[in-house]
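Okay, so here's the structure we're looking at.
Given the structure is predicted, the values throughout are model-derived calculations rather than measurements.
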Amino acid sequence: MLKVLGAQIKEFKKDSILTPVFMILEVIMEMIIPLLMASIIDDGVNAANLNHIYKIGGLMIVVALVGLWAGLMGAKYGARASTGFARNLRKAMFENIQTYSFANIDKYSTSSLITRLTTDVTNIQNAFQMILRMAMRAPASMIIAMVMSFSINARLASIYLVAVIFLAVCLSFIMPRANKYFRQVFEKYDDLNASVQENVSAIRVVKAYVREDYEKDKFAKANQNIYNMFLRAEKLVVINMPLMMVTVYGCILLISWLGAKMIVVGGLTTGGMMSLLAYCMNILMSLMMVSMIFVMLSMSYASAKRIAEVLTEQTDIKNPQNPVMEVKDGSIRFNNVSFAYNKDSKPVLKDINLEIHSGETIGIIGGTGSAKSSLVNLISRLYDVTSGELMVGGLDVRKYDMETLRNQVAVSGHVSLPVQMSLYRKCPTNIIPLSSREARMYPADRSRGSVSRGRCLKSQRS
């Protein structure tokens, strides 16, 4: 999975390398500032050395500016790397989806593919940026601050070690339970997108059968399910903040109390204690960032698996090794053709024997769900027959180059959708799937696509 996704970084490898470099540089600059503050207090203020204060103060400004510059560069390269990575993911997914057969699309569903192209990619983008920035910054900040603290006073710094272990144990109980809900959210997103898609694409049917209230309730239910899942997860995640605050202020109180005693007996300087307090916030805030990283990575892991599935999915309909590049004529023959959408499901078409001569106009009449469109989709090889033989121009459709075949067989669906291309094709054979109601609406009128001068085939439910 990581190899599949990592291959889409492509031209943004340089940005992906520079981002953590600048983030670590920013952390180093931040960790130097408390030491300089301690030097100003101990060697400048306490010693009444104004020259030392000016000199170290100027150095602090330089260090702060370098840290600011490093932070800006890290943000710049991190944003470029993450957005570029997301762009490449969407492009690769879209290009692979274009090769899918209808069977591949049915496997995932249109709503699921939309979720993967939008919500899942956005999650991966945010996670990638977090990995490049926070995942580098937080551990580096915690480690460097811990080392600096032990170099000042190992006895007081051991308080941080206990606090880190305490918070790590608490997070280990919270995060797995929250992750379970986050993983379930994406399945609910699929249901929500499916509800919206079905309602918009079939708005005429919804209004014709007065199903507006039903569709509203269906959408509200899908929306409520997502709300409930996120609410359960967030109720667990928000426990992080109170735990963090209790730990932070507990550490501050202990360091202030023990540090004051050590200052009195000369075991610690005032500047040293200020540095320890500054490192306290750095260490514990870094641990909080690590917990946020775990939450984001757990959410993005489910998205990464879903995206990798789309990228690695291979179409089940492929060109033969030596495809025929020309369709001789528009004649079509079904020889004992059967078709099922899944291997284990009941066939929707069974033992179909039909011959259509080139130039004929045919209407296939049947009720909803009687497999009219399924039969037509087999001709352009949007699906492959389960058994039997389907021949166009005297050859099995599986012997043709798919682009050549589909240039000669155009399929226009029932749903009117705006597209930025012409759907006109010169087809040797016209096959028009009509419902029984449509056949009654359009009597013998060839100009409107009916069957007065052709043949009429009645399709029965399987």
Side-chain angles (χ1 to χ4, degrees), residues 14-15 17-80 132-161 163-164 248-249 251-290:
K14 177 183 175 182
D15 301 292
I17 295 172
L18 287 176
T19 301
V21 170
F22 281 117
M23 297 312 299
I24 292 174
L25 177 60
E26 182 187 16
V27 168
I28 292 173
M29 295 299 106
E30 287 183 357
M31 296 301 107
I32 291 175
I33 288 178
L35 291 179
L36 297 177
M37 288 177 60
S39 177
I40 288 177
I41 293 172
D42 295 336
D43 301 328
V45 176
N46 293 341
N49 187 345
L50 193 60
N51 185 47
H52 182 80
I53 295 174
Y54 286 145
K55 184 170 66 174
I56 300 300
L59 183 58
M60 285 182 64
I61 293 174
V62 173
V63 169
L65 290 175
V66 172
L68 175 63
W69 173 77
L72 290 174
M73 291 298 101
K76 172 186 174 182
Y77 287 112
R80 183 186 296 173
L132 294 179
R133 299 185 64 194
M134 290 180 65
M136 293 296 171
R137 176 189 174 87
S141 177
M142 186 165 59
I143 292 170
I144 295 174
M146 192 74 76
V147 170
M148 293 290 192
S149 299
F150 274 92
S151 67
I152 295 172
N153 190 294
R155 183 180 172 187
L156 287 178
S158 61
I159 296 174
Y160 300 148
L161 194 60
V164 168
V248 167
Y249 292 126
C251 287
I252 291 173
L253 287 173
L254 284 173
I255 291 173
S256 300
W257 182 44
L258 297 175
K261 290 185 176 182
M262 295 178 72
I263 290 173
V264 171
V265 298
L268 182 68
T269 64
T270 304
M273 190 178 76
M274 289 188 62
S275 297
L276 284 172
L277 291 174
Y279 289 136
C280 172
M281 296 299 296
N282 281 321
I283 291 171
L284 299 180
M285 286 300 108
S286 296
L287 194 61
M288 173 61 83
M289 284 196 290
V290 169

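- For the atom pair CD1 (Ile56) and CG (Leu35), the distance works out to 11.0 Å, reported to the nearest 0.5 Å.
- A donor-acceptor pair is defined here as one N or O able to donate and one able to accept, closer than 3.5 Å; no such pair exists between the side chain of Ser141 and the backbone of Ala138.
- Of all non-hydrogen atoms in Met134 and Pro139, the two that sit nearest each other are O-CD, 3.8 Å.
- Sorted by first and then second residue, the pairs that involve residues 51-68 and meet side-chain hydrogen bond (donor to acceptor under 3.5 Å, both in side chains), not counting sequence neighbours, are Ser39-His52.
- Residues Leu18 and Met73 fail the side-chain proximity criterion, which asks for heavy atoms closer than 4.5 Å.
- For the atom pair CD1 (Ile40) and CD1 (Ile33), the distance works out to 10.0 Å, reported to the nearest 0.5 Å.
- Between Phe22 and Tyr77, the ring planes are parallel. Angles under 30° get that label, and only those over 60° would be called perpendicular.
- The salt bridge (Lys or Arg N to Asp or Glu O under 4.0 Å) pairs that include a residue from residues 71-80 are Asp15-Arg80, where partners are two or more places apart or lie in different chains.
- Gly74 and Met23 get closest at one heavy-atom pair: CA-SD, 3.9 Å.
- Around CE of Met60, the count of heavy atoms belonging to other residues, nucleotides or ligands within 6.0 Å exceeds 12.
- Remark: the backbone N or O of Cys251 is not paired with any side-chain donor or acceptor of Tyr160 at under 3.5 angstrom.
- Residues Leu258 and Leu156 are in side-chain contact: their nearest non-hydrogen atoms beyond the backbone lie under 4.5 Å apart.
- Scanning all heavy atoms of the two residues, the minimum distance from Ile263 to Met273 falls at CD1-SD, 3.9 Å.
- If you run side-chain contact (heavy atoms from CB on, under 4.5 Å) between Leu276 and each of Ile159, Ile152, Ile252, only Ile152 comes through.
- Taking OG1 of Thr19 as the reference point, atom CD1 of Ile24 lies at 11.0 Å (rounded to 0.5 Å).
- Sequence neighbours left out, the pairs with a member in residues 18-39 that pass salt bridge (Lys or Arg N to Asp or Glu O under 4.0 Å) are Glu26-Arg137, Glu30-Arg137.
- Going from atom CD1 of Ile41 over to atom OG of Ser275 covers 7.0 Å, rounded to the nearest 0.5 Å.
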